[in-house]
Peer 1: 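Below is the structure I would like to discuss, written out as structure tokens.
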Amino acid sequence: MSLGAVGAAVLMLGMQSGTEVPYAPMPAPAPGASICPEGVCGVEALEGVFEALAATEAGERDRPVHILQIGDSHTAGDRITGALRARLQARFGAGGRGMLPPGVPYAGYAPMQVEATASDWPVTVAAPGGSGSTPGLQAGLAGAVARLGGQASLTLSAEGGAAFDRIGVCGDGGPEAGGVTMTTPHETQEADFRAPERAPLCWMGRLAQPVQTVTLRPRGEATLYDVWTERRGTGIVVSNLGVIGATLRDLAVRDDAVVGVELAAWRPSLIILAYGVNDGFEEGVEAESYAALLRGQIARLRRLAPGASLLILGAPDGLKSGLKSGQASGCGADGSRAAPASLAVVRDVQRRLAGEAGVAFWDWYGRMGGDCSAERLATSPEPYMRPDRVHFTSLGAEWIGGVLSDDLTGAYDRWKAAKGEGD
């Protein structure tokens, strides 16, 4: 039999027996070149959170290191933050799931490490657009409010690695305020929001033992801004609070009193600002106006969370269609997609102002590949971005979240090595 005949026979045998060449995943793309050393500019601004991580590794800390990311849909989806959480917890220990919206904010809500199941538990989410977008809605960093009564219930079911023995809620307090009953398989705790004056407040309860499930029910009428779970002891908590379509203006209109009590209760060691894509898709963004807005929010967070390090995630690449085929600077085979002009303005302001204000900056745009990277990632054999060229697939989110984690832990390891040499 000829070699060709033998090859054909082997091929036919494989087809008949179902033993075709097995699927092998494509290797992940390497991180793109960055304008920042190893992806992060202004690393010295992260010294506070690095000191907290070092204390955790040395066994000198009695509570988790809390990292809080606030932003838009990239944050709300929890796939990028989920990758960051998983990697940091694998190294430094699991400190719990962290902060969550006060219920189920939108259809398809699926946070990592925990499942939220609601019954008659209405949640109002602030519409994106900044001032006046949702008249009368007083909201905290989650951008959502649950106004409850009757037979409402919310059950949080955590994965084994996210078991918790502390649970907290923030809501409206006052002389006539209700509260929340929290029931675990082993005990019941009551969060009482009654207070002499009307004002937001946060309540934290300690459980007798770690659990994976808790059910919340209102007692009387209650208004909630968030709920959170964590563990006593050390480890890492990575919280993600994002609103779909949000811009930096939406952060600016979050109620200062609510945000203040939230940050005082949560005590984050690092706050990550992850806005910019939606800002950059608006036409005619003026650099100095955007800089003034960002400068104001940096000052506000420093005032409300004076012990926290700050990190800005520079706006990633994002493309919109509508260019004429072949137009200069277009991306893709037909050149019909391009990044909005305002996106580069936003990104440049973020980097410049981070340097001026002493805030760390992560070059998301560079690390995902720079110009037209959204097109390349969307059209790769295993897509890392969705067809909209704005949002990442689950695979892509895991990848870019891993790049962020590697860049941060790499910066931490270099800081620790330099500190050791200095000592």
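Quick caveat, the model's predicted, so the values are computed rather than measured. Residue numbers start at 1 and run along the sequence shown.
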Peer 1: What about Y384 and W399, are their ring centers closer than 6.0 Å?
Peer 2: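 Centroid separation for Y384 and W399: below 6.0 Å.
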
Peer 1: Between the side chains of D406 and R87, is the shortest nitrogen-to-carboxylate-oxygen separation below 4.0 Å, so that they form an ion pair?
Peer 2: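 Counted as a salt bridge, because a side-chain N and a carboxylate O are separated by less than 4.0 Å.
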
Peer 1: Is any side-chain heavy atom of W362 less than 4.5 Å from a side-chain heavy atom of D407?
Peer 2: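 Side chain of W362 against side chain of D407, heavy atoms only: contact under 4.5 Å found.
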
Peer 1: Ignoring hydrogens, what is the shortest heavy-atom contact between A139 and A144? Give both atom names and the distance.
Peer 2: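 Minimum heavy-atom separation between A139 and A144: CB-N, 3.9 Å.
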
Peer 1: Would you say E51 and V49 make side-chain contact, with heavy atoms under 4.5 Å?
Peer 2: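 With C-beta onward as the side chain, the pair stays apart.
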
Peer 1: Tell me whether E375 is salt-bridged to R337, with the criterion being a basic N under 4.0 Å from an acidic carboxylate O.
Peer 2: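 A salt bridge links E375 with R337.
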
Peer 1: Quick test of your reading of the model: are R194 and D192 salt-bridged, counting only N-O distances below 4.0 Å?
Peer 2: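 Salt bridge flag = yes for D192 with R194.
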
Peer 1: Do the side chain of R347 and the main chain of A315 share a donor and acceptor less than 3.5 angstrom apart?
Peer 2: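 Looks like yes, one N/O pair under 3.5 Å.
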
Peer 1: Test side-chain hydrogen bond (donor to acceptor under 3.5 Å, both in side chains) on T215 and T155; report intermediate values, then the result.
Peer 2: CA-CA 4 Å; T215 297; T155 298; 2.9 Å; yes

Peer 1: Would you say the side-chain atoms of R389 pair up with the backbone N or O of P387, donor to acceptor, closer than 3.5 Å?
Peer 2: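 Present.
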
Peer 1: Decide side-chain contact (heavy atoms from CB on, under 4.5 Å) for R166 and R231; before the verdict, give the C-alpha distance in whole Å, the side-chain angles of both, and the deciding distance to 0.1 Å.
Peer 2: CA-CA 6 Å; R166 300 183 73 195; R231 298 187 68 139; over 6 Å; no

Peer 1: Thinking salt bridges, do R97 and D78 make one under a 4.0 Å N-O criterion?
Peer 2: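 Salt bridge: yes.
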
Peer 1: Check for a donor-acceptor pair, side chain of T393 on one end and backbone N or O of P383 on the other, with a separation under 3.5 Å.
Peer 2: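 Present.
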
Peer 1: Determine whether R300 and R254 satisfy the following criterion, side-chain contact (heavy atoms from CB on, under 4.5 Å), listing intermediate values before the conclusion.
Peer 2: CA-CA 11 Å; R300 180 192 191 196; R254 298 292 176 252; 4.2 Å; yes

Peer 1: Just wondering, are more than 12 heavy atoms of other shown residues or ligands nearer than 6.0 Å to CD in Q209?
Peer 2: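 Buried by this count: over 12 neighbours within 6.0 Å.
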
Peer 1: Assess, by modelled atom type and distance only, whether the side chains of E282 and S342 contain a donor and an acceptor separated by less than 3.5 Å.
Peer 2: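 There is no such pair between these side chains.
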
Peer 1: Quick one: pull up CE in M368 and CG in L404 and give me the separation to the nearest 0.5 Å.
Peer 2: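 Rounded to the nearest 0.5 Å, the CE-CG separation comes to 13.5 Å.
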
Peer 1: I need the minimum non-hydrogen distance between G318 and F281, along with the two atoms involved.
Peer 2: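 Smallest interatomic distance, heavy atoms only, reads C-CZ, 4.0 Å.
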
Peer 1: Answer with yes or no whether the side chains of E115 and S157 bring together a donor and an acceptor at under 3.5 Å.
Peer 2: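 No, because no side-chain N or O of S157 sits under 3.5 Å from a partner of the opposite role on E115.
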
Peer 1: Work out which heavy atom in C202 is nearest to a heavy atom in A265; give both atom names and the distance.
Peer 2: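 Between these two residues, the closest heavy atoms are CB-CB, 3.8 Å.
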
Peer 1: Within the 4.5 Å heavy-atom criterion, are E57 and Y412 side-chain neighbours or not?
Peer 2: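 Yes, side chains in contact.
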
Peer 1: Verify the neighbour count for atom CD of E221: are there more than 12 heavy atoms of other residues, nucleotides or ligands below 6.0 Å?
Peer 2: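 Incorrect, the count does not exceed 12.
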
Peer 1: With side-chain contact (heavy atoms from CB on, under 4.5 Å) as the test, pick out the partner of R217 among T183, V180, T188.
Peer 2: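 The option that passes is T183.
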
Peer 1: Check whether any side-chain heavy atom of L154 sits under 4.5 Å from a side-chain heavy atom of V214, and report yes or no.
Peer 2: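 Sidechains of V214 and L154: no contact.
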
Peer 1: Quick check: does any side chain N or O of E286 sit under 3.5 Å from a backbone N or O of S289, one acting as donor and the other as acceptor?
Peer 2: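 Yes; judged by distance alone, with no hydrogens or angles, the pair exists.
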
Peer 1: Taking the side chain as every heavy atom from C-beta outward, state whether Q350 and R352 have any atom pair closer than 4.5 Å.
Peer 2: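 No, their side chains stay 4.5 Å or more apart.
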
Peer 1: Could you report the tightest heavy-atom contact between A246 and G71, atom names first, then the distance?
Peer 2: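 That closest heavy-atom pairing would be CB-O, 4.1 Å.
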
Peer 1: Strictly below 4.0 Å, N to O, side chains only: are R206 and D165 in salt-bridge contact?
Peer 2: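 No, this pair does not count.
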
Peer 1: Got a salt bridge between R198 and E176, using NZ or NE/NH1/NH2 to carboxylate O under 4.0 Å?
Peer 2: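 Answer for the salt bridge query: no.
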
Peer 1: Which of these, I272, L270, L68, L88, sits in a side-chain contact (heavy atoms from CB on, under 4.5 Å) with V238?
Peer 2: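 Result for side-chain contact (heavy atoms from CB on, under 4.5 Å) with V238: L88.
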
Peer 1: Please examine the side chains of L100 and L156, heavy atoms only from C-beta on, and report whether any two atoms are closer than 4.5 Å.
Peer 2: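 Yes, side chains in contact.
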
Peer 1: Decide side-chain hydrogen bond (donor to acceptor under 3.5 Å, both in side chains) for T181 and E190; before the verdict, give the C-alpha distance in whole Å, the side-chain angles of both, and the deciding distance to 0.1 Å.
Peer 2: CA-CA 5 Å; T181 300; E190 299 280 349; 2.8 Å; yes

Peer 1: Are the side chain of H66 and the backbone N or O of W266 linked by a donor-acceptor pair below 3.5 Å?
Peer 2: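 It does hold such a pair.
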
Peer 1: With side chains defined as the heavy atoms from C-beta onward, is the minimum distance between V40 and F361 less than 4.5 Å?
Peer 2: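 Side chain of V40 against side chain of F361, heavy atoms only: no contact under 4.5 Å found.
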
Peer 1: Evaluate the side-chain contact (heavy atoms from CB on, under 4.5 Å) criterion for residues E356 and R295: first the C-alpha distance (whole Å), next the side-chain angles of each, then the deciding distance (0.1 Å), finally the verdict.
Peer 2: CA-CA 10 Å; E356 293 175 2; R295 189 179 296 111; 4.2 Å; yes

Peer 1: Would you say D250's side chain and T247's backbone share a donor-acceptor pair under 3.5 angstrom?
Peer 2: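 Side chain of D250 to backbone of T247, a donor-acceptor pair under 3.5 Å: yes, one is there.
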
Peer 1: So, do V243 and D72 sit near enough that their side-chain heavy atoms are less than 4.5 Å apart?
Peer 2: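 Sidechains of D72 and V243: no contact.
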
Peer 1: Closer than 3.5 angstrom, by distance alone: can the side chain of R376 be matched with the main-chain N or O of D371 as a donor-acceptor pair?
Peer 2: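 Looks like yes, one N/O pair under 3.5 Å.
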
Peer 1: If you look at every heavy atom in G260 and L304, which pair is closest and at what distance?
Peer 2: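 Here G260 and L304 meet closest at CA-CD2, 4.0 Å.
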
Peer 1: State yes or no: are the ring centers of Y275 and Y290 separated by less than 6.0 Å?
Peer 2: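 No, the ring centres sit 6.0 Å or more apart.
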
Peer 1: Any side-chain to backbone donor/acceptor pair from T184 onto E187? Under 3.5 Å, distance only.
Peer 2: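 Flag set: sc T184 to bb E187 pair under 3.5 Å.
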
Peer 1: If only side-chain N and O atoms count, and only distance matters, is there a donor-acceptor pair under 3.5 Å linking Y225 with D172?
Peer 2: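 The answer is yes; a qualifying pair exists.
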
Peer 1: Answer yes when D279 and R249 have at least one side-chain N-carboxylate O distance shorter than 4.0 Å, and no when they do not.
Peer 2: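 Result for this pair is no, no salt bridge flagged.
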
Peer 1: Determine whether a donor-acceptor pair (N or O, by modelled atom type, separation under 3.5 Å) exists between the side chain of Q89 and the backbone of G96.
Peer 2: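 Yes, Q89 side chain to G96 backbone: donor-acceptor pair under 3.5 Å.
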
Peer 1: Working to the nearest 0.5 angstrom, can you tell me the gap between L251 CG and I70 CD1?
Peer 2: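 Going from CG on L251 over to CD1 on I70, the span is 4.5 Å.
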
Peer 1: To the nearest 0.5 Å, how far apart are CG in D363 and SG in C41?
Peer 2: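 With rounding to 0.5 Å, CG (D363) is 7.0 Å from SG (C41).
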
Peer 1: For R61 and P64, indicate whether the former's side chain and the latter's backbone hold a donor-acceptor pair under 3.5 Å.
Peer 2: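 Here the side-chain-to-backbone pair exists.
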
